[in-house]
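First the proteins, then the strands, lettered A, B, ... as listed; each starts at 1.
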Amino acid sequence: MNTEISGILLMYALVIAFAIPLGRYIGKIFNYEHTWLDSIFDPLDKLFFKLSGIDPNEEMNWKQHLIALLTINLVWFIVAMLVLTNMSWLPLNPDGNPSMSGDLAFNTAVSFVTNTNLQHYSGESGLSYLGQLILMLWQFISAGTGIAICAVVFVAMKERTANTLGNFYSFFVRSCTRILLPIAFVVAILLAFNGMPMTFEGKDTMVTLQGDTVEVSRGPVAGFVAIKQLGTNGGGFYGPNSAHPLENPSYFTNIIENCSIFLIPIAMIFAMGYVLKRKKLAFTIYGVMTLGFLLLLVPSIVSEMNGNPAITDLAIAQPMGSMEGKEVRFGPAASANWAVYTTVTSNGSVNAMHDSMTPLTGMFAMLGMMINSFYGGVGVGFLNFYIFIILAVFISGLMVGRTPEFLGKKIEAKEMKIAMIIALLHPLLILTSTAISSYLYASNPTEYAGWLANPGYHGFSEMLYEFTSSSANNGSGFEGLGDNTPFWNIACGLVMLMARYLPIIGPVAIAGILASKKYIPESNGTLKTDTPTFGLMVFAVIALVAALAFFPALTLGPIAEYFSMI
Amino acid sequence: MKSNLLPAIKLTLVSLVFFMGIYTLVVYGIAQLAPNKGKGFIIVHKDKTYYSNIGQAFTDDMYFNSRPSAVGYNAAGSGGSNKGPSNPDYLKEVQARIDTFLVHNPGVSKSEIPSDLVTASGSGLDPNISLQAAKVQVKRIAKIRHISEERLIQLIDEQTEKPLLGLFGTEKINVLKLNIALDDLK
């Protein structure tokens with residue numbers, strides 16, 4: 001078999017092999033059951049709570065959870081702003097990099113606190129090592145936030161009537177210390193021993209074999225990259241992210257990093273099955289997500305391996321496939337594979353430049369972010385999917401004439417309204433902001449000439465991709481876009497803020513309201529939600545919402561480019 | 001919100017010390033045991049030190065050339081061209097690279113040039129080229145260096161890095177290692 005394809009099969013097999021036991025472990029952590037790491041983490045967590053003056057046993061209702069989440073996120077934003085605008089004189093700046101401008105710092109702070117990791121700077125020249133490390137901190141705790149709030153929803157879905165749903169800080173600290181930390185640690189060590197730098201020394205100077213003098217950027221990369229991949233963060237240490245040979249030195253490190261993207265998002269589904277004791281429901285959800293993922297993955301790989309038709313017209317050979325923006329050590333198959341992994345989850349790291357990929361791969365990457373729940377970001381991916389489940393329950397309930405119920409709770413007008421608002425928010429943010437930027441560009445192409453690196457349909461795709469990525473809290477980009485301007489920094493910052501917190505507030509509100517309702521045991525009249533039929537129904541709802549909302553915009557960008565090239 | 005503010009600030013500080021400080025230092029400490037003390041892999045050759053994973057610009061006809069780079073292989077920065085697949089200016093650039101290659105490599109036909117040799121990588125620092133990209137340069141180098149083509153093909157075979165475990169990923173050549181071996185031939 002083609003070794004590029006077998007590499008891709010290996011990666012998915014590895015993900016599943018690790019995600020199933022990890023899901024069980026995460027489930028135990030949310031249930032406060034005994035695990036073999038307790039002897040290390042019980043004292044550590046106690047120390048965290050003692051120093052912070054928090055009582056981890058204090059029960060919270062859904063509103064208190066959200067207030068705790070929003071407050072601590074606001075603190076993070078302020079700290080991030082302070083560090084990013086003062087890096088130049090703070091310690092750990094061996095390369096003498098400057099502080100960020102106000103609008104760039106706003107964009108970057110929002111980006112990392114919201115788990116997006118959109119980057120309008122390049123790590124080598126735009127950050128000191130202190131800046132890198134503070135962003136690494138947000139990579140831990142913004143991922144911890146997502147996992148913690150997802151745990152709250154799991155608890156709310158249990159078969160009982162309850163007003164309180166555990167303690168937010170407790171879930172948060174457990175997510176950070178017991179889930180993210182140990183895995184990140186193992187991954188970081190593996191990476192450090194396979195050629196990734198972990199040093200505090202600044203740039204090195206090297207005279208090449210041919211006699212040129214160049215500099216080489218280094219830094220504490222391994223620790224950073226591990227959590228970047230695991231927490232669906234995706235913000236690279238270097239400008240070109242995991243395409244950089246020091247951020248992803250070999251095919252072996254590529255396997256580790258690529259698998260790390262999917263590990264926790266998939267494990268979260270199995271964790272839900274464990275917490276609710278509903279394995280069948282977990283497998284139904286896993287099945288729907290996997291179906292969607294494969295429908296995006298397979299054509300992307302085929303498209304990249306077939307090569308760029310415009311290059312074929314130049315009559316040279318494309319034995320590997322489309323190679324612009326790609327590294328030889330990964331090849332087009334592993335690059336397309338990563339592109340889909342990183343966009344269906346809200347990771348956003350890249351190992352090849354998405355801007356240079358063939359039009360269809362670019363489109364499938366955007367579609368992955370537009371749907372944003374085929375596995376999805378750590379924790380929040382499940383919340384997005386939860387909205388689609390609620391919609392599907394309601395629609396199927398209407399179709400068969402039954403009261404819409406999900407896990408023994410009646411779904412009524414209030415929950416439906418919230419679900420609809422959240423489902424429509426994502427297209428609203430993406431399409432209006434793209435429309436505004438397109439209008440600005442079209443009305444004054446000379447003033448905004450620096451925005452687009454490519455003309456025509458592809459230029460439109462660059463803008464559409466940027467806002468899709470912001471709204472999906474993804475962080476990857478069509479990097480040809482000249483995005484370090486006040487317009488893009490502020491517009492993307494605002495989109496990221498709304499797209500992070502509203503889709504957390506909505507599902508938590510729904511789950512909280514449902515949890516306090518009377519529990520109705522299953523009967524013959526109950527619509528079964530753990531069957532393939534219902535799975536298909538959810539898939540149809542997702543396909544409908546995505547197709548109706550985004551098809552026109554995709555037609556103007558990647559689809560038009562595709563047809564112009566054949 | 002008020003009652004949450006103080007715990008939030010304290011918890012942030014504790015997280016900062018732990019995840020930013022202690023985690024980083026422990027990983028850093030262990031990385032000191034890694035090859036080259038965790039500063040990236042290096043090759044020492046004739047008293048000169050090179051980073052084996054950082055690609056170098058090889059534009060001289062007497063060396064196997066590396067891929068085009070959007071940043072000129074200066075690893076102070078990095079990046080790709082970010083040119084879209086249908087961009088007419090980009091396609092003209094690729095055409096120009098093909099023409100240049102044909103001028104420097106007489107006797108090679110267009111259809112033998114693999115695309116990785118005329119397209120820029122994502123990082124601009126790609127240390128590798130494909131096997132075809134090395135083989136298509138053999139004629140030129142054989143002529144300039146007065147080495148037989150068979151010997152050069154053999155050298156490429158020796159320097160070919162197989163897929164991981166022979167099963168996963170691409171076959172490739174590290175251009176720097178190949179050129180060092182080429183210099184050592186005489």
Check for me whether the distance between the ring centres of B:Phe18 and A:Phe48 falls short of 6.0 Å.
yes

Residue A:Pro359 versus chain B: region with a heavy atom under 4.5 Å
both

Taking every non-hydrogen pair under 4.5 Å, which of A:Ala68, A:Gly331, A:Gly53 racks up the most with chain B?
A:Ala68

Which portion of B:Pro163 sits near chain A, non-hydrogen atoms under 4.5 angstrom
side chain

Engaged part of A:Glu561 at the chain B interface, taking heavy atoms whose separation is under 4.5 Å:
side chain

Structural part of A:Thr358 lying under 4.5 Å from a heavy atom of chain B:
backbone

Strictly distance-based, threshold 3.5 Å: is any side-chain N or O of A:Asn454 a donor or acceptor partner for the main-chain N or O of B:Gly84?
yes

Segment of A:Phe200 engaging chain B (4.5 angstrom heavy-atom cut-off):
both

Thinking salt bridges, do B:Lys39 and A:Glu201 make one under a 4.0 Å N-O criterion?
yes

Side chain / backbone / both / neither for B:Thr24 at chain A, heavy atoms under 4.5 Å:
both

What part of B:Gln32 is in contact with chain A, defined as an atom under 4.5 angstrom from a non-hydrogen atom: side chain, backbone, both or neither?
side chain

Out of A:Val79, A:Val221, A:Ile134, which one racks up the most heavy-atom pairs below 4.5 Å with chain B?
A:Ile134

Looking at OG1 of B:Thr12 and CG of A:Leu74, how far apart are the two atoms once the value is rounded to the nearest 0.5 Å?
10.0 Å

Heaviest contributor of heavy-atom pairs below 4.5 Å to chain B, chosen from A:His458, A:Met353, A:Glu124, A:Gln210, is A:Gln210

Tell me if the centroids of the rings in B:Phe168 and A:Tyr251 come within less than 6.0 Å of each other.
no

Would you check if B:Ile54 and A:His244 make a side-chain contact, meaning some heavy-atom pair closer than 4.5 Å?
yes

Side chain, backbone, both or neither: which part of B:Leu33 has an atom under 4.5 Å from a heavy atom of chain A?
both

Side chain, backbone, both or neither: which part of B:Leu164 has a non-hydrogen atom closer than 4.5 Å to chain A?
side chain

Selection from B:Pro127, B:Ala31, B:Ser111 maximising heavy-atom pairs under 4.5 Å formed with chain A
B:Ser111

Given the options A:Pro455, A:Gly362, A:Gly325, which has more heavy-atom pairs under 4.5 Å with chain B than any of the others?
A:Gly325

Side-chain donor-acceptor pair present, A:Glu4, B:Thr170, cut-off under 3.5 Å
no

Minimum heavy-atom separation for B:Ser115 and A:Met323, please, with both atom names.
OG-CG, 3.7 Å

Which atoms of A:Met11 come close to chain B, meaning under 4.5 Å heavy atom to heavy atom: side chain ones, backbone ones, both, or neither?
neither

Is there a donor in the side chain of A:Asp204 and an acceptor in the side chain of B:Tyr51, or the other way round, less than 3.5 Å apart?
yes

When every non-hydrogen atom of A:Pro240 is compared with those of B:Ser123, the smallest separation belongs to CG-CA, 3.8 Å

What residue in A:Phe185, A:Phe330, A:Phe478 has the most heavy-atom pairs under 4.5 Å with chain B?
A:Phe185

Give, as side chain, backbone, both or neither, the part of A:Asn241 having an atom under 4.5 angstrom from any heavy atom of chain B.
neither

Atom group of B:Phe58 that falls short of 4.5 Å from chain A, counting heavy atoms
both

Work out which heavy atom in B:Ala34 is nearest to a heavy atom in A:Phe193; give both atom names and the distance.
CA-CE2, 3.5 Å

For A:Arg218, which atoms come within 4.5 Å of any heavy atom of chain B: side chain, backbone, both, or neither?
side chain

Please evaluate residues B:Asn4 and A:Tyr169 with respect to the criterion side-chain hydrogen bond (donor to acceptor under 3.5 Å, both in side chains), reporting the C-alpha separation (whole Å), side-chain torsions for both, the decisive distance (0.1 Å), and the verdict.
CA-CA 10 Å; B:Asn4 281 294; A:Tyr169 299 114; 2.8 Å; yes

With a 4.5 angstrom heavy-atom cut-off, could you sort out which part of B:Tyr90 is near chain A: side chain, backbone, both or neither?
side chain

Which answer fits B:Ile180, side chain, backbone, both or neither, if we ask what part of it has an atom under 4.5 Å from a heavy atom of chain A?
both

B:Lys37 side chain reached by A:Thr199 side chain, heavy atoms, under 4.5 Å
no

A:Thr177 versus chain B, the contacting section by heavy-atom distance below 4.5 Å
both

Contact origin within A:Lys326 toward chain B - heavy atom pairs under 4.5 Å:
backbone

Measure A:Leu481 against the heavy atoms of chain B and call it side chain, backbone, both or neither at under 4.5 Å.
neither

If you define the side chain from C-beta out and look only at heavy atoms, does anything of B:Thr49 sit under 4.5 Å from A:Met206?
no

Which bit of A:Ala184 is near chain B, if near means a heavy-atom gap under 4.5 Å: side chain, backbone, both or neither?
both

Whatever's closer than 4.5 Å to a heavy atom in chain A on B:Pro88 counts as side chain

Engaged part of B:Gln95 at the chain A interface, taking heavy atoms whose separation is under 4.5 Å:
both

Please examine the side chains of A:Leu51 and B:Leu13, heavy atoms only from C-beta on, and report whether any two atoms are closer than 4.5 Å.
no

Flag the pair B:Asp126 / A:Arg329 as yes when at least one side-chain heavy-atom distance between them is below 4.5 Å, and no otherwise.
yes

For B:Ser109, is it the side chain, the backbone, both, or neither that has a heavy atom closer than 4.5 Å to a heavy atom of chain A?
neither

Rounded to the nearest 0.5 Å, the CG atom of B:Asn128 sits from the OG atom of A:Ser250 at a distance of 10.0 Å

For the backbone of A:Val214 and the side chain of B:Asn74, can you confirm whether one donor and one acceptor N or O come within less than 3.5 Å of each other?
no

Quick one: closest heavy-atom pair of A:Leu209 and B:Gln56, and the distance?
N-OE1, 3.0 Å

So what's closer than 4.5 Å to chain A heavy atoms on B:Ile129: side chain, backbone, both or neither?
backbone

Pairwise side-chain contact, A:Ser52 with B:Pro7, heavy-atom cut-off 4.5 Å (strictly under)
no

Sort A:Ala352 into side chain, backbone, both or neither according to what part of it lies under 4.5 angstrom from a heavy atom of chain B.
neither

Taking the side chain as every heavy atom from C-beta outward, state whether B:Pro114 and A:Met320 have any pair of such atoms under 4.5 Å apart.
no

Interface residue of largest heavy-atom contact number with chain A, from B:Ala76, B:Gly80, B:Ala8, under 4.5 Å:
B:Ala76

May I ask you to decide if A:Gly223's main-chain N or O and B:Tyr23's side chain share a donor-acceptor pair within less than 3.5 Å?
yes

So which of B:Glu161, B:Lys110, B:Lys172, B:Gln132 has the largest heavy-atom pair count under 4.5 angstrom toward chain A?
B:Lys110

Nearest 0.5 angstrom please: A:Lys50 NZ to B:Lys10 NZ, how far?
12.0 Å

Here the gap from A:Glu247 atom CD to B:Asn53 atom CG, rounded to the nearest 0.5 Å, amounts to 13.0 Å

Please report the interatomic distance CD1(B:Ile22) to CG(A:Leu44), rounded to the nearest 0.5 Å.
8.5 Å

Would you mind telling me which of A:Val207, A:Asp95, A:Asp212, A:Ile141 has the largest number of heavy-atom pairs within less than 4.5 Å of chain B?
A:Val207

Does any backbone or side-chain atom of A:Val350 lie under 4.5 Å from a heavy atom of chain B? Answer side chain, backbone, both or neither.
neither

